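In what follows, chains carry the letters A, B, and so on, assigned in the order in which the sequence lines appear, proteins first and then strands, with residues in each chain numbered from 1. Bear in mind that the values here come from a model prediction, so they are computed numbers and not experimental data. For the numbers below, each heavy atom of this structure counts, side chains included, while hydrogens, waters and symmetry mates do not.
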Amino acid sequence: MNYWLLKSEPDSFSFNDLERALNKRTVWDGVRNYQARNIMRDDMQVGDLVFFYHSSCPIPGIAGICRVTQTDIIDPSSLDPSSKYFDPKSSLEKPRWITIEVEAVEALPKIIPLKEMHQHEALANMVLLNRSRLSVQPVRADEWHYLLNNM
DNA sequence: GCCAACGTTGGC
DNA sequence: GCCAACGTTGGC
């Protein structure tokens with residue numbers, strides 16, 4: 001089993017929104033970055049655990065934990081002409097944007113702020129702290145457990 | 001609102 | 001295939 005981190009702007013979709021969604025699940029649509037897509041398409045598996053990260057907000061940080069419940073989903077927004085994520089180069093026959101579904105597992109007792117993560121040497125190699133713009137990214141097992149047990 | 005980092009586009 | 005121009009992300 002592997003660990004990941006997904007970013008979302010809480011103004012558009014927060015961890016709390018996921019907990020209130022039908023079955024506490026959502027299709028992770030709207031990602032339009034090839035590296036992020038490749039991770040979802042090629043590397044993420046049902047059962048993998050995922051940190052839900054809040055970006056572009058007053059306290060950027062990890063808000064909760066979710067789980068991958070489905071893979072190999074054609075991003076519905078890419079085929080929807082009325083969506084701002086519509087991609088005319090994508091089609092049902094040759095889909096370009098493949099994504100996953102996640103379900104909320106639990107909120108963290110307290111958000112782990114990015115600011116605090118910067119202060120821990122054990123997290124210094126996290127993708128989040130080094131490749132700040134990637135919105136779907138791997139988390140190492142030692143980093144995952146450190147975050148849950150030491151912060 | 002600024003701006004650094006970095007991904008994408010398109011002319012050549 | 002290079003690279004300048006441009007657009008987006010996201011912390012501050």
Side-chain angles (χ1 to χ4, degrees), chain A residues 2-21 25-44 48-68 71-140 142-148 150-151:
Chain A
N2 290 307
Y3 301 101
W4 312 96
L5 180 146
L6 292 175
K7 292 185 193 172
S8 185
E9 300 190 12
D11 281 353
S12 3
F13 192 78
S14 67
F15 187 75
N16 203 252
D17 292 328
L18 179 61
E19 288 188 302
R20 287 190 304 228
R25 296 185 182 195
T26 194
V27 171
W28 205 255
D29 63 358
V31 172
R32 293 295 177 269
N33 170 283
Y34 288 105
Q35 199 176 349
R37 180 209 60 186
N38 292 349
I39 289 171
M40 293 196 290
R41 185 190 62 186
D42 303 335
D43 301 331
M44 293 177 89
D48 284 355
L49 291 174
V50 182
F51 281 136
F52 193 110
Y53 179 86
H54 285 172
S55 65
S56 296
C57 58
I59 304 180
I62 298 170
I65 297 173
C66 39
R67 181 190 291 113
V68 177
T71 59
D72 291 318
I73 299 169
I74 298 173
D75 183 333
S77 67
S78 66
L79 304 180
D80 174 5
S82 70
S83 168
K84 69 168 179 171
Y85 298 115
F86 176 63
D87 182 353
K89 292 176 179 165
S90 187
S91 66
L92 256 189
E93 298 71 32
K94 293 195 93 178
R96 177 172 296 207
W97 302 106
I98 303 299
T99 188
I100 55 158
E101 180 194 67
V102 291
E103 73 175 350
V105 174
E106 61 181 359
L108 295 190
K110 180 180 160 295
I111 284 193
I112 301 175
L114 176 66
K115 199 174 171 186
E116 284 182 28
M117 296 170 65
H118 276 294
Q119 293 161 6
H120 290 251
E121 186 59 32
L123 305 176
N125 289 319
M126 279 192 76
V127 176
L128 184 70
L129 307 188
N130 294 285
R131 293 276 322 282
S132 61
R133 293 183 48 194
L134 193 59
S135 70
V136 178
Q137 51 180 263
V139 175
R140 296 196 321 226
D142 63 293
E143 294 162 345
W144 178 275
H145 292 112
Y146 185 90
L147 282 157
L148 292 181
N150 301 283
M151 301 194 66

### Query
Looking at the rings of A:F52 and A:W4, which for Trp means the six-membered one, are their centres under 6.0 Å apart?
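No: the rings miss the under 6.0 Å criterion.
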So, does [X] get its side chain near the phosphate of [N], meaning an N or O under 4.0 Å from OP1 or OP2?
| X | N | answer |
| --- | --- | --- |
| A:K7 | C:dG10 | yes |
| A:Y53 | C:dG11 | yes |
| A:R131 | B:dG7 | yes |

For [X] and [N], give me the distance from atom [atom1] to atom [atom2], rounded to whole Å.
| X | N | atom1 | atom2 | value |
| --- | --- | --- | --- | --- |
| A:N33 | B:dG7 | CG | C1' | 7 Å |
| A:H54 | C:dC12 | NE2 | C1' | 19 Å |
| A:R133 | C:dG11 | CZ | P | 12 Å |
| A:L134 | B:dG7 | CG | P | 8 Å |
| A:L128 | B:dC6 | CG | P | 13 Å |
| A:K84 | C:dG7 | NZ | P | 16 Å |
| A:R32 | B:dT9 | CZ | C1' | 17 Å |
| A:N130 | B:dC6 | CG | P | 10 Å |

Review point. Is there a side-chain contact between A:M151 and A:E116, using heavy atoms and a 4.5 Å cut-off?
Key: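 With C-beta onward as the side chain, the pair touches.
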| said: Is it true that A:R41 and A:Y34 share a donor-acceptor pair across their side chains at a distance under 3.5 Å? | reply: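 Distance-only check fails for A:Y34 and A:R41.
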Quiz item: Taking atom types as modelled and ignoring hydrogens, do the side chains of A:D75 and A:S77 form a donor-acceptor contact shorter than 3.5 angstrom?
Solution: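 Distance-only check passes for A:D75 and A:S77.
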Of the candidates B:dT8, B:dA5, C:dG10, the side chain of A:Y34 sits closest to B:dT8
